[in-house]
2 protein chains.
Amino acid sequence: MKRSVAERRFATLHERSASSGLRMTPQREVLLRVLSRAADHPTADQLYRQVRRHLPSISLATVYRNVQDLVRAGVLAPLEHAGAAVQYEVNPDDHHHFVCRACGRVWDVYLRSIDYAVDRRKSPVPAATIDRADIQLHGLCAGCAARAGSGSAGAR
Amino acid sequence: MKRSVAERRFATLHERSASSGLRMTPQREVLLRVLSRAADHPTADQLYRQVRRHLPSISLATVYRNVQDLVRAGVLAPLEHAGAAVQYEVNPDDHHHFVCRACGRVWDVYLRSIDYAVDRRKSPVPAATIDRADIQLHGLCAGCAARAGSGSAGAR
DNA sequence: GTACATGCAAAAAATTTGCAGAGAT
DNA sequence: ATCTCTGCAAATTTTTTGCATGTAC
């Protein structure tokens, strides 16, 4: 049962990776296999350690490069806003964020209401208490949209 | 007008910082002043460069230490999930996240519905398009709640 | 006076890059 | 044959830490 889920996932990853023009090297294949079994949200280093068990000669740099390629290919996504330098929040008001997917900049957003319902059947969440819901809206900011509309796309 | 907002903010930061037992050194005061004027989400390095203009002799390590102290004091918050190592998302289903505020672990959450309304009057967001809303629920996971209930609180 | 804070420099952690050789298509 | 990918090692970037001295309370 669990096996077939991982296998279906692997097939998907494999196909999406191939259709993005990425070559199927042994390193990439093992990485995809590890990813297809991942239940959580692994870091590059955790992936490295997993992949290494099957391919002891792989280098950490290769894992980093592959993970980036897969992000570019849309196969993986960095969890939220992680990485790079930590940004700090000073605004004491109750608010949320809008993140531009092209330039990565963040703006504060005020919401008038939030409503959500957890699907408990599908969510094996060991939450004892939930005390806050932060929303991040993702999209294109006006500047990047204009740039994308006319000239070549300018990212990051 | 803008001045008084910053000043009110500074007073708040100053008071919260003091009531957390933090001493008011020149370095801390300038940092709080910079923070009270911050309109965006600065990194430690950006804060360092700002503070330096008023206190050229301050060291980057002091800024880092102070920012951490202020986070512990509840004056600042790290933006979302940033920092440390980047975690990657493999799950292709449409889902959201639950983050334990004690241990920092992340679980996938499935929502049946999401509803929100942007308060456009208060939000100067230059969003050309919004194509996704990611929700992060914050709280205590069962494990950390149990640990907090009995023994001493175990964090991070 | 004492405990906390600071500066400096070195260390650690996370990530990126240059380069020469190997391999996929 | 070509263009991508890899391993290795060195470089960068971000953050943390040890230690002697300074200073807010």
Rounding to an integer number of Å, can you tell me how far [X] [atom1] sits from [N] [atom2]?
X	N	atom1	atom2	value
R49(B)	dT13(D)	CZ	C1'	12 Å
L60(A)	dA11(D)	CG	P	18 Å
I58(B)	dG22(D)	CD1	C1'	15 Å
Q68(B)	dT6(C)	CD	P	12 Å
Q46(B)	dT15(D)	CD	P	11 Å
Y48(A)	dT6(D)	OH	P	14 Å
L55(B)	dA5(C)	CG	P	16 Å

Residue-phosphate contact under 4.0 Å: Y64(A) side-chain N/O, dT15(C) OP1/OP2: yes
Sugar-phosphate only, base, or nothing, as touched by N66(A) at under 4.0 Å among non-hydrogen atoms: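 Result for N66(A) = sugar-phosphate.
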Verify, without hydrogens or angle tests, whether [X] (side chain) and [Y] (backbone) share a donor-acceptor contact under 3.5 angstrom.
X	Y	answer
S59(B)	A61(B)	yes
R9(A)	R37(A)	no
R16(B)	G74(B)	yes

Those residues that, when tested against F10(B), pass ring pair (Phe, Tyr, Trp, His ring centres under 6.0 Å) (two or more places apart):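 With neighbours one apart ignored, the set is H14(B).
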Carboxylate-amine/guanidinium contact R65(A) D69(A), below 4.0 Å: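 Salt bridge: no.
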Test salt bridge (charged side-chain N to carboxylate O under 4.0 Å, His left out) applied to D119(B) - qualifying residues, sequence neighbours left out: none
Results of salt bridge (charged side-chain N to carboxylate O under 4.0 Å, His left out) for R52(B) - residues two or more places apart only: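 Partners of R52(B) by the salt bridge (charged side-chain N to carboxylate O under 4.0 Å, His left out) criterion come out as none, since no residue qualifies.
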D134(B) vs H138(A) side-chain heavy atoms within contact, under 4.5 Å: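 Touching, per the 4.5 Å side-chain cut-off.
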Flag side-chain contact, heavy atom, 4.5 Å: R33(B) against E29(B): yes
Proximity to DNA chain D (any heavy atom under 4.0 Å), residues of residues 20-31 of chain B only: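 Correct list: R23(B), M24(B), P26(B).
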Of L60(A), T43(A), L31(A), the residue whose pairing with Y48(A) passes side-chain contact (heavy atoms from CB on, under 4.5 Å): L60(A)
Terminal axis angle for the helix from dG1(C)-dC25(D) to dT25(C)-dA1(D), five pairs an end, nearest 10 degrees: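 Nearest ten degrees gives 40° for this helix.
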Polar pairs (N or O, both sides) under 3.5 Å between protein and nucleotides 18-21 of chain D?
unit_1  : atom_1 : unit_2 : atom_2 : d
dG18(D) : O6     : R65(B) : NH1    : 3.2

Atom pair CZ/CG of F98(B) and L140(B) - distance to nearest 0.5 Å: 7.0 Å
